[in-house]
Amino acid sequence: MQLALRADPWVLAILLLIAAAALLPLARGEWRVSDGLYAIMTVYFGSGALVVKTLAGQPVQTNLHVPDLSAAYLLAGFGSITIGYGLSQGLRRPSRFARDLRRVTGHIPNLRRFALPVFALGAMFLFLQTQFRATAVDGGFTAGGFGGFGTFYPLLMLGAAMQAALVIRLPDQRRHRLVLAGMAAAILALTLADNTKRTLFDFVFVVALTLVALDGRIRWRWAVPTGLAAALVIGLIVPAIQIVRADPAVRGPERIAATWAVLRAHDFQPASLDAAQARIATSYRFAWRDSYVYPLTWNSERFTMIQPIDQVARAIGERGAMGGADLWRDPAETLLPGFLIKKTLVTAPDRIAWHYGFRARGSIALPVVGLIASSLAAFGLAGVLLLPGAIVALSFTALDYVGGRLPGNVWAVFLLAATAFLAEREASTTLSFFCRSFLFILIVGGALLLTARRPRRADNEEGYDPISARRLATNAGPE
């Protein structure tokens, strides 16, 4: 199809090569967290652009200012990522921590015990996050607010993964399906209150991943209503979220009522909602005209990582690299207290966008930049060749060490779902994740292990053998 559209052979060949790299993890016997993340990265850097541009009826080089140079940087950067991925495979055995968590989250009484309370805690903290974080205003966010509640976001996915595992392991018990459906309803409400699509997509991803990893059977009586719900979300909820987002005065639970009002105003017509969303998108003329799918208004930037590479590559000759100081700014703000470093709402993607001129200076828009473009911005070609591979090797090794293998492993499924967003993150924001959120995930895992040693009386009445400290210290089990 792209050949019929007269695509540039060089750009097309590189995107196809990266898309084909997804076969590398498929060739492995059993997937680990690193295999899933690498496969996701092939979508963000390769196949996503192919699919989006083909659906748009545009050759892959259109809307790129320096397509050949951008494709060369993309090839070099993804080659570095692949080398880092290969180096991470030298880890032969996961940690005892990972093996114990596999056993704990694979035990049905533990799933019954933890799934709903963990999910409820995550939902509560996400609701608090919608209430107390900084408020959006023109060009960015207000100062003040408190964003620390977002640290607890992974609890949502852990609870959902556990509940989905119960549905798969006990398919004849209807109450587990009802609880999962209730979780889905809560996720939809939180998605509208938070006015972000990520919460909903993360929930769908972790449930689907649990189904695959635990070898669950797809039943038509589940698949049909799920497919209908997905169609309603894509056709109605997603554009309504974009429309409500244009009104910064509405926040928190008020957004649920505002979303319902938007749906009623457009008579629940997907075409009308899409047209309204398009009008709002075109009002942001700077970002719209520099879109990879211009003149279309699709919100597909994160799946077309060649675009931010082009945005940096076109200006780096004139404006130069930013250096390593900016690379460490976000991790430093994450680690250090406020009296040692001045903290702001600005992050690396905004600073990169300002420096290279693809966002107005002072506008806090959190554009998608990605690992390769941010490495190029930091150190030029040397950064592209070295930085992605180093970050991938270290991060993939750490995740495999504390996660283990994916098949039959609820803990590893959760860890992959909780870190899948790293595929679109920059070098500095990836480092920030390991400075705070990753530590929280380890604390959650430790808390599960400690709590599993003290079973409830009801578990003992069912003949449940508690996991003792000595048993947790053994290497027994499938890992």
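All values derive from a computational prediction rather than experimental measurement.
Using modelled atom types, no side-chain atom of Glu301 and backbone atom of Val368 make a donor-acceptor pair closer than 3.5 Å. At least one donor-acceptor pair closer than 3.5 Å links the side chain of Glu426 to the backbone N or O of Gly370. At distances below 3.5 Å, at least one donor-acceptor pair connects side-chain atoms of Ser374 with backbone N or O atoms of Leu371. Remark: side-chain polar atoms of Tyr356 are not paired, donor with acceptor, to backbone N or O of Ala313 under 3.5 angstrom. For Thr304 (side chain) and Ile306 (main-chain N/O), no donor-acceptor pair under 3.5 Å exists by modelled atom type. Under a 3.5 Å cut-off, the side chain of His355 and the backbone N or O of Met322 do not form any donor-acceptor pair. A donor-acceptor contact shorter than 3.5 Å is absent between the side chain of Asp194 and the backbone of Thr191. Checking side-chain atoms of Asp68 against main-chain N and O of Asp8 turns up no donor-acceptor pair under 3.5 Å. At least one donor-acceptor pair closer than 3.5 Å links the side chain of Asp400 to the backbone N or O of Val33.
Here the straight-line distance linking atom CD1 of Ile237 with atom CG of Leu192 works out to 5.5 Å at 0.5 Å rounding. From Ile241, atom CD1 reaches atom CG of Leu273 across 11.5 Å, with rounding to the nearest 0.5 Å. The OG1 atom of Thr419 sits 7.5 Å away from atom CZ of Phe434, with the distance rounded to the nearest 0.5 Å. Of the inter-residue distances, the one linking Ser47 atom OG with Leu16 atom CG reads 10.0 Å to the nearest 0.5 angstrom. Atom OG1 of Thr210 is separated from atom CE of Met157 by 11.5 Å, given to the nearest 0.5 angstrom. Separating the CZ atom in Arg329 from the OG1 atom in Thr347 is a distance of 11.5 Å, to the nearest 0.5 Å.
Salt-bridge annotation for Arg314 and Asp290: present, with a side-chain N of the basic residue lying under 4.0 Å from a carboxylate O of the acidic one.
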message: Test side-chain contact (heavy atoms from CB on, under 4.5 Å) on Asn63 and Gln58; report intermediate values, then the result.
response: CA-CA 9 Å; Asn63 295 316; Gln58 301 174 357; 3.8 Å; yes
message: Does Trp10 form a side-chain contact (heavy atoms from CB on, under 4.5 Å) with Gln61? I'd like the steps, not just the answer.
response: CA-CA 9 Å; Trp10 168 247; Gln61 74 275 11; over 6 Å; no
- request: Determine, stepwise, if the pair Ser300 / Val293 fulfils side-chain contact (heavy atoms from CB on, under 4.5 Å).
  value: CA-CA 8 Å; Ser300 57; Val293 293; 4.2 Å; yes
task: Let me see the working for Gln89 and Ser34 under side-chain contact (heavy atoms from CB on, under 4.5 Å), right down to the final yes or no.
output: CA-CA 8 Å; Gln89 302 309 296; Ser34 60; 3.1 Å; yes
- prompt: Under the salt bridge (charged side-chain N to carboxylate O under 4.0 Å, His left out) criterion, do Asp330 and Arg425 qualify, and how do the steps go?
  reply: CA-CA 12 Å; Asp330 290 338; Arg425 287 303 175 92; over 6 Å; no
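When all heavy atoms of Ala56 and Leu296 are compared, the closest pair comes out as CB-CD1, 3.6 Å. Looking at every heavy atom in both residues, Asn299 comes nearest to Gln242 through ND2-OE1, 4.0 Å. Residue Val206 comes nearest to Ala160 through the heavy atom pair CG1-CB, 3.9 Å, listed as atom of the first residue, atom of the second, then distance. The heavy-atom pair separating Met305 from Ala423 by the smallest distance is CE-O, 4.4 Å. Of all the heavy atoms in Thr199 and Tyr153, the pair that sits closest is CA-OH, 3.3 Å. When every heavy atom of Gly150 is checked against every heavy atom of Pro154, the shortest pair comes out as O-CD, 4.4 Å.
Contact of the Leu64 side chain with the Ile309 side chain is not registered, since no non-hydrogen atoms from C-beta on lie closer than 4.5 Å. Inter-residue side-chain proximity for Ile81 and Ile391 is flagged as unmet; no heavy-atom pair is nearer than 4.5 Å. For the pair Val238/Lys197, a side-chain contact is recorded, criterion being any heavy-atom separation below 4.5 Å from C-beta on. In this structure, the side chains of Val410 and Leu101 stay at 4.5 Å or more apart for every pair of heavy atoms. Counting only heavy atoms from C-beta outward, the side chains of Arg351 and Val346 approach each other to under 4.5 Å. Residues Met41 and Glu424 fail the side-chain proximity criterion, which asks for heavy atoms closer than 4.5 Å. Using a 4.5 Å heavy-atom cutoff, the side chains of Leu156 and Phe203 are not in contact. Within the 4.5 Å cutoff, no side-chain heavy atoms of Leu232 are placed close to those of Phe268.
Between Thr54 and Gln2, the side chains place a donor N or O and an acceptor N or O closer than 3.5 Å (distance only, hydrogens not considered). A donor-acceptor contact closer than 3.5 angstrom is absent between the side chains of Asp310 and Tyr73. Donor-acceptor pairing under 3.5 Å is recorded for the side chains of Lys53 and Thr62.
For residues 364-413, every residue pair satisfying the ring-ring contact (aromatic ring centres under 6.0 Å, His included) rule, not counting sequence neighbours, is listed here: Trp411-Phe414.
More than 12 heavy atoms of other shown residues, nucleotides or ligands fall within 6.0 angstrom of atom CH2 in Trp354.
Both the sub-6.0 Å distance and the 45° axial angle are satisfied by Arg198 relative to the ring of Phe421.
In this structure, Tyr44 has its ring center under 6.0 Å from that of Phe303.
In this pair, Tyr38 and Phe78 present their aromatic rings tilted. The plane angle is within the 30 to 60° band.
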